[in-house]
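Read the structure below first, then the notes.
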2 protein chains.
Amino acid sequence: MPRTAETASFQFNHTMLRVRDPEVSLKFYTEIIGMDLLSKKDMGDFTLYFLAFDQGQNYKYMSEEERDKAKSAREGVLQLTHNHGTEKDESFAGYASGNSDPGRGFGHIAITVNDVEEACARFEQLGVQFKKRLQDGKMRHVAFILDPDGYWIEVVPSTLQL
Amino acid sequence: MPRTAETASFQFNHTMLRVRDPEVSLKFYTEIIGMDLLSKKDMGDFTLYFLAFDQGQNYKYMSEEERDKAKSAREGVLQLTHNHGTEKDESFAGYASGNSDPGRGFGHIAITVNDVEEACARFEQLGVQFKKRLQDGKMRHVAFILDPDGYWIEVVPSTLQL
């Protein structure tokens, strides 16, 4: 039951990250991470992309309109914002990961996986960059990979008692 | 159905944000936003807090251990990281919201609500700071509030076709 009646309908729908090149990021989040693209919204000088894991929703059988609507009815959505032009601007310095100064604040997004060793072996094979491999550091059951913009993605076993 | 068998178990479990003062942030995210605190992990010189909306899980009837375990079995979890000492360090400059340079990258988290006007009226009444009220700017159906560290929280109607 919700904490209060006033917040009973609230859901943590999405997290927004800016990306330099949507072509690269969409390939990464769909083909490597395994999310579906639910919606693309052209907003003039920027475009929004909404992605999420299909967990029984069967997005592939939905119309574009149904998928778009479905994105507002769940949690765990990733919103990528592309400010047009960054992908071909050679002077663009890139986005901050949030994990070093200046710019420290946001830390990471995390995905839970049933078999973290298998998931990491696959990421390795696909050429994904690691911030921390399973065997690095103290926490041997957790890895951190980097997305194309350098944002950290924690890879955690679903059963982890951390 | 999942995109690929290899990623079938993947879930977008959490988003991590650093917070200066956990007492202030926990009060905000539980009492104002309406999340439940599922788990608190002391990691030495920092502490992790895991929060999520109760959407039928009935966290209040779970044991501490059950709640802790439940946090890894869902999406939409917010992880707050408190590096000990920031709350009383007067020289601490605060965390970056990710929305201005230097440090631009992360944008916001978003909550969907059934009645955005009602939700915003309640936030107003509770003294929450707004980045953008419903009547400001072009997008009249969306508001942005600020959390205690200045992170942006988008407040979006659940039925929004954006």
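Quick note: numbers below take in every heavy atom, side chains included, and nothing from hydrogens, waters or symmetry partners.
Side chains of B:T112 and B:S158: no donor on one and acceptor on the other come within 3.5 Å.
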Stepwise side chain to side chain contact (heavy atoms under 4.5 Å, CB included) test for A:F130 and A:E124
CA-CA 8 Å; A:F130 280 76; A:E124 200 82 65; 3.6 Å; yes
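In terms of heavy-atom pairs under 4.5 Å with chain A, the best-connected choice from B:T30, B:V19, B:T4 is B:T30. Ranked by non-hydrogen atom pairs under 4.5 Å with chain B, the options A:M35, A:K60, A:Q57 are led by A:M35. Counting heavy-atom pairs closer than 4.5 Å to chain A, the top residue among B:E6, B:E118, B:Q11 is B:Q11. For the options A:A93, A:A96, A:P102, heavy-atom pairs under 4.5 Å to chain B are most numerous at A:A96. When A:A73, A:A8, A:G107, A:A52 are compared by the number of non-hydrogen pairs under 4.5 Å with chain B, A:G107 comes out ahead. Between chain A and the residues B:L17, B:D36, B:I32, the most heavy-atom pairs under 4.5 angstrom are made by B:D36.
With a threshold of 4.5 angstrom between heavy atoms, B:R104 approaches chain A through its backbone and through its side chain. B:N83 does not touch chain A: none of its heavy atoms, backbone or side chain, sits under 4.5 Å away. With a threshold of 4.5 angstrom between heavy atoms, B:V77 approaches chain A through N, CA, C or O but not through any side-chain atom. With a threshold of 4.5 angstrom between heavy atoms, A:T81 does not approach chain B through any atom at all. For A:I153, no part sits under 4.5 Å from any heavy atom of chain B, backbone or side chain. Only the side chain of B:R74 comes within contact range of chain A, with at least one heavy atom under 4.5 Å from a heavy atom of that chain. Neither the backbone nor the side chain of A:S97 comes within contact range of chain B; no heavy atom of the residue lies under 4.5 Å from a heavy atom of that chain. Within the 4.5 angstrom heavy-atom criterion, no atom of B:S100 approaches chain A.
Shown here is B:E64, whose CD atom has no more than 12 heavy atoms of other residues, nucleotides or ligands within 6.0 Å.
Between the side chain of A:E66 and the main chain of A:S63, a donor-acceptor pair closer than 3.5 Å is present. A donor-acceptor pair under 3.5 Å links the side-chain atoms of A:D149 to the main chain of A:R20, judged by distance alone.
Ring orientation note: the planes of A:H82 and A:H84 are tilted relative to one another, at an angle of 30° to 60°.
For the atom pair OG of A:S25 and CG of A:L51, the computed distance is 9.5 Å after rounding to the nearest 0.5 Å.
The shortest distance between side-chain heavy atoms of B:L134 and B:V116 falls below 4.5 Å.
Cation-pi geometry between B:K71 and B:F50 is met: the NZ or CZ atom falls under 6.0 Å from the ring centre, inside 45° of the normal.
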